[in-house]
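See structure below.
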Protein chains: 4
Amino acid sequence: VSYEIEFTDRIRVELVASLASDDSVVAAARVSTKGIGSLDELSQGRAEGTGLINYLMKHRHGTPFEHNYFTFFVHAPIFVFREWHRHRVGWSFNEESGRYKQLEPLFYIPGPSRNLVQHGKPGDYSFEPGTEEQFERMVQRKAASCAVAYSAYLDDLEDGIAREVARMHLPVNIYSSMYATCNARSIMSFLSLRQQHPEDEALFPSSPMAEINYAADVIEEAFAAEMPITYDAYVRHQRVSP
Amino acid sequence: VSYEIEFTDRIRVELVASLASDDSVVAAARVSTKGIGSLDELSQGRAEGTGLINYLMKHRHGTPFEHNYFTFFVHAPIFVFREWHRHRVGWSFNEESGRYKQLEPLFYIPGPSRNLVQHGKPGDYSFEPGTEEQFERMVQRKAASCAVAYSAYLDDLEDGIAREVARMHLPVNIYSSMYATCNARSIMSFLSLRQQHPEDEALFPSSPMAEINYAADVIEEAFAAEMPITYDAYVRHQRVSP
Amino acid sequence: VSYEIEFTDRIRVELVASLASDDSVVAAARVSTKGIGSLDELSQGRAEGTGLINYLMKHRHGTPFEHNYFTFFVHAPIFVFREWHRHRVGWSFNEESGRYKQLEPLFYIPGPSRNLVQHGKPGDYSFEPGTEEQFERMVQRKAASCAVAYSAYLDDLEDGIAREVARMHLPVNIYSSMYATCNARSIMSFLSLRQQHPEDEALFPSSPMAEINYAADVIEEAFAAEMPITYDAYVRHQRVSP
Amino acid sequence: VSYEIEFTDRIRVELVASLASDDSVVAAARVSTKGIGSLDELSQGRAEGTGLINYLMKHRHGTPFEHNYFTFFVHAPIFVFREWHRHRVGWSFNEESGRYKQLEPLFYIPGPSRNLVQHGKPGDYSFEPGTEEQFERMVQRKAASCAVAYSAYLDDLEDGIAREVARMHLPVNIYSSMYATCNARSIMSFLSLRQQHPEDEALFPSSPMAEINYAADVIEEAFAAEMPITYDAYVRHQRVSP
C-alpha cells in the first residue's frame, strides 16, 4: 500500500445547522409572566429584549437559553474529543469509529505559534513559547513516532488483524470527526470552561488547552452571530455560564 | 372584580419551531463509517437512508436521533405538566409562574368522551365510559369546586395576599402554559411512555393518562411530519424508544 | 364516609440514606495528578484536603463533588414538588401518585410566621408579614376552599369516578410524598437556587419561595453534617454552585 | 532516565463504595401507592419485593432503580475510557490527566485469548481467534510502536516540552485511571450496550468491544451482589435496560 502521512495543526469546527434567536430567549422567559401572551415575542425582535436577557444572565436564570439548537461538524485530534465528550448535559455526539472505518494518516502536530513550555504547578500553569530548536525537535519526534504507529497499523490490517485491535496503538493526535449538537446554555457552559480570559473578563477564569480553546473560539463566533444580544450579555456579565 | 370562569377540555400543543430531518440522522450515523464524507448526506435525502434508519432503530442506536430540534408551546392543566416535567433528559422547559402572574380562571374538566370509570389494580387499570348522569354530576362538582377556589384566590389577592400564597389552594386542573424543547430521541422516549397502544403495536405497552396521551398524539404528528422515515421506523419496530 | 381534614404548615425532609465524605472529593480530584495513588485518599481524612476542596470550589471544578449519594424522603405540598422537579440533572424522583392512591385530606396553609405580602415587580419582590387579620382571613378562605375540594373529591370517588379524574380539581397545597436522590453537586445547585441569602453571602442571590427554602435548609444541614469541609468551602466561596 | 515499559492485558474495575439494596427499589416504587407508608419497606427485605421488581423491569419503569449508588475505580487503556465516557446520564467521571501528570509506561496489548480477526460488515461483525503467528506479529508491532512513542514522550519532556504537548502522540492503549459513579439504572443501560449475549438472553443484542465487555462483566458482578433481586429481574427480562 502507498499512502502519504500528513501532519497539520488545523482544527475544523463548522456550523452545519442552527435555529437560534434572541427572541426565543425572550419568549421563553416571558411565559412566566405573560403565559400565552409570550407567543407574540417569537416574531418581533423587540429592542427591550436586551434588558430582560441581561437580567436573566446576571441572575443566572439558565433555562430560557435552552430553546434553540446548533449542530457543529468537528474535525480534530482525539485528545480534543476526549475533553469535549466530558460535557454531558445539553450535548449530543456522533463520532467516527476506529472499529468501523480505517483511520486516515492525518495527525495533529502543534504549529509554531502554540506555546510549548509550561511553568507552575497543577491548577496554576502558565505557558510560553519554546525556542525554534525545541519546536523543530518536538516536530521531528512526533512525526517519526506517528509514522511508526501508522505503519504498524497498516501492517496489522494487512496481516488480517481486526480494525478495532489494529488501531489500539494509534496516538491521540490522530484525527477524528464528529457531529456535536448543543444549545446556547450548553455552549456558554462550554465556553466558560474551555476559553481562557483574564480575570476582569471572566469571573471564574479557566486554563484550557490551546486546541480546545481554539475550537471554543469558533463556537463563540457562531453563537455571537446567531444570538448577538445573548452573547453580549454573556460577555458583559463576565462569562459566567447561566 | 368581574370575571368569567371558563371550563374546557381543550389541550393545546403547538409546534412553534423545529429543525429536523431524516438526513441528519443518516449523516450522524454515517460519520462512524465515513468520517468527513458523511457531510454529503446532509443535503441529499437519499432513499437508502431508510435501511440505515431502520437498522439504527432496531438495534437501539439512539444518539443519531438527537441532532435535531423541536419547540412546542403547550397550554394544558397543571396535572399534565406534572407528568411532563418528570422527563429530565433531552427536554427543556419554561413555564408560566403563579408567583409572577395572576392565573386565569380557566379550568380543565373532562369532556363526555373521556373514560370516567376504572377497573383493575395499580399497574393494570382499564378505563371505561361512565354514564351520562355520572358525567354530569362530576362536571357539576368540579365546576363548583373550581369556582370556590378561584373566588377565594381573588379574595386573597384583593386582601393584599402575595400571589405565591394566594395561589396555593388553586387546583391542578387550572391551566398553565410552557415552552417545551426536545429532540427526536426524547420525543420517542416520551411517546413510548405517554401513548397507549395494543401489545402488537407497542413492545412495551404503557398506560398513560388520557390527557397527556392526547398531548403525545399531537407531538407524534409533528414528529411524523418532520421526520417521516424515522417515524415509520419507530412504528415498525413496535415503538421502542431507541 | 367520615374523615377529618387537616391543615398544617409542616414540611418534612428526612435523610433516609447517604454515603458521602470529603475524602471522596479529594480522591476524585487527586486521580488527575496521582492516578492509582489517589486510592490512598479514600480512607484517610487528611487535613490537607481542605485546601484542595477550597481550590476546587473557587475554580468551579464540579465533577469531584458527584461521587457520593443522598436520598431524602420528602412530605410536602404539591406546589413545592412542582419547583423541585424542575431540577433535572443529578436528581432522581419517585412520587406518590394520585392515579394509584386515594390522596389524604392534608393541606398546607402557611403559618403565622410566613410573610404574606409582596412588594416590587417580577424578579425583584420583597416579602413582609401581613396583619393578624389578613392572616386569619387567608386561613379561613383556604381552609374552606380545600374542604369543598376534598369533599367533591370523595363524592367523585363514591360516584364511581376514576381516581385520576376525581383528583383533577384538588389543590396544589395538598400533600404528596417522594424519594429524592441527589449528590453533593446537585445539592449545591439546589441550595444556590432555593435559598435566600444576602449579597455578601451569596454571589448570585436567589428569591425562592419560603416553602422550598425551608426544604433547602434541611438539606443544607444534612449536607453540612456529611461533608463538612465541602460545605464550609461552599459557604466561604459565596454559595456559588461549582 | 531509566524506565521499564510494561505491556499487559489486565483491566482493573474495583468497587470502592456502594450503597444499594433491592429494598430501596421497593420503597421508591411503593411511594406511588403508599405514600409515607413506603418508608416501612426500607428496612424489611420482604420476599414480596421480587414480584414488584419484576413488574417494574418488565414494564420498564426505570426511576425506582436510581435511588442507590456505586463508585468504581477503573484502570484501563484510553480507548476503553473513550467508549465509557459517551455514557452521559447517571454517570460521573474523574480521570487521570495527561496535562497534570506524567503518564506511566504501561500499555494494553491483547492477550492470546482475545479474538483478532473480524468478518462481516459494520454493524454485523463476528470475531474469531487469529493464528499464533498473527498474534505474535501483532504483539511485536504494537510493543515496538509503543516503545517509540513513549521514548519520544520522555524526550519531549526532557527537552522542556509541556506535558500536555508531549503526550499528544501517545497511543490510545496507554493506561489511564478514573472514578466512575453510577446507579443501578445507569448500570443496566451500560450492561445492555456493553455486553454481548445471544438473542435468547438479550432482546436487543449488542456487539461491544471485548475490552469494555470485560469491564461490564465486573460491574455486572458487583451489581448482582448488591441488588440480587433486581439483577435477576434484569436477566429474566432479557437484559432490557428499564
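Just so we're on the same page: letters track the sequence lines, and every chain starts at 1.
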- Region of R163(C) that comes under 4.5 Å of a non-hydrogen atom in chain B: both
- Message: Just to verify, what does D155(C) make a salt bridge (charged side-chain N to carboxylate O under 4.0 Å, His left out) with, not counting sequence neighbours?
- Response: none
- Query: Is it the backbone or the side chain of L170(C) that comes under 4.5 Å from a heavy atom of chain B, or both, or neither?
  - Reply: backbone
- Item | Toward chain C, the part of Y125(B) with a non-hydrogen atom under 4.5 Å | side chain
- Query: Can you list the steps and then say if M168(C) with E211(B) is a side-chain contact (heavy atoms from CB on, under 4.5 Å)?
  - Reply: CA-CA 11 Å; M168(C) 284 179 184; E211(B) 287 76 14; 3.3 Å; yes
- Query: Tell me, do I161(C) and R141(B) make a side-chain contact under 4.5 Å, heavy atoms counted?
  - Reply: yes
- Cut-off 4.5 Å, heavy atoms of chain C, and the answer for R86(B) is side chain
- Task: Go through R137(B) and D156(C) one step at a time and tell me if the salt bridge (Lys or Arg N to Asp or Glu O under 4.0 Å) criterion holds.
- Result: CA-CA 8 Å; R137(B) 290 192 299 265; D156(C) 266 8; over 6 Å; no
- Task: Can you see which heavy atom on Q134(C) is nearest to which on D159(B), and at what distance?
- Result: NE2-O, 2.6 Å
- Query: Which residue out of V165(C), I174(C), V148(C) racks up the most heavy-atom pairs below 4.5 Å with chain B?
  - Reply: V165(C)
- Side chains of V172(C) and V172(B): does their closest heavy-atom pair fall under 4.5 Å? yes
- Message: Run the side-chain contact (heavy atoms from CB on, under 4.5 Å) test on F81(C) and R82(B) for me, step by step, so that the C-alpha distance in whole Å, both residues' side-chain angles and the decisive distance to 0.1 Å come before the verdict.
- Response: CA-CA 9 Å; F81(C) 283 29; R82(B) 289 251 292 147; 4.0 Å; yes
- Under 3.5 Å: donor-acceptor pair, side chain of K142(B), backbone of A152(C): no
- Which bit of Y108(B) comes within less than 4.5 Å of chain C, counting heavy atoms only: side chain, backbone, both or neither? side chain
- Task: Identify which part of F127(C) has an atom lying under 4.5 Å from any heavy atom of chain B, answering side chain, backbone, both or neither.
- Result: side chain
- Item | Members of residues 177-208 of chain C whose heavy atoms come closer than 4.5 Å to chain B | S207(C), P208(C)
- Identify which of M138(C), H87(C), K101(C) forms the greatest number of heavy-atom pairs closer than 4.5 Å to chain B. M138(C)
- Any chance CD of E132(C) has more than 12 other-residue heavy atoms, nucleotides or ligands included, within less than 6.0 Å? no
- Please look at Y100(B) and chain C and tell me whether the side chain, the backbone, both or neither of the residue comes under 4.5 angstrom of a heavy atom of that chain. both
- Task: Could you tell me which of V89(C), N115(C), V117(C) has the largest number of non-hydrogen atom pairs under 4.5 Å with chain B?
- Result: V117(C)
- Query: Non-hydrogen atoms of chain B under 4.5 Å away: do they reach the side chain of E133(C), the backbone, both or neither?
  - Reply: neither
- Check for a donor-acceptor pair, side chain of R88(B) on one end and backbone N or O of W91(C) on the other, with a separation under 3.5 Å. yes
- Least distance between heavy atoms, H169(B) atom then N173(C) atom: CA-OD1, 3.8 Å
- Query: If only atom types and distance count, is the side chain of E164(B) paired as donor or acceptor with the main-chain N or O of M209(C) below 3.5 Å?
  - Reply: no
- Query: Side chain, backbone, both or neither: which part of F79(C) has a non-hydrogen atom closer than 4.5 Å to chain B?
  - Reply: side chain
- Query: In terms of heavy-atom pairs under 4.5 Å, which option from H119(B), R167(B), Q140(B), E95(B) contacts chain C the most?
  - Reply: E95(B)
- Where does E83(C) contact chain B at under 4.5 Å (heavy atoms): side chain, backbone, both or neither? side chain
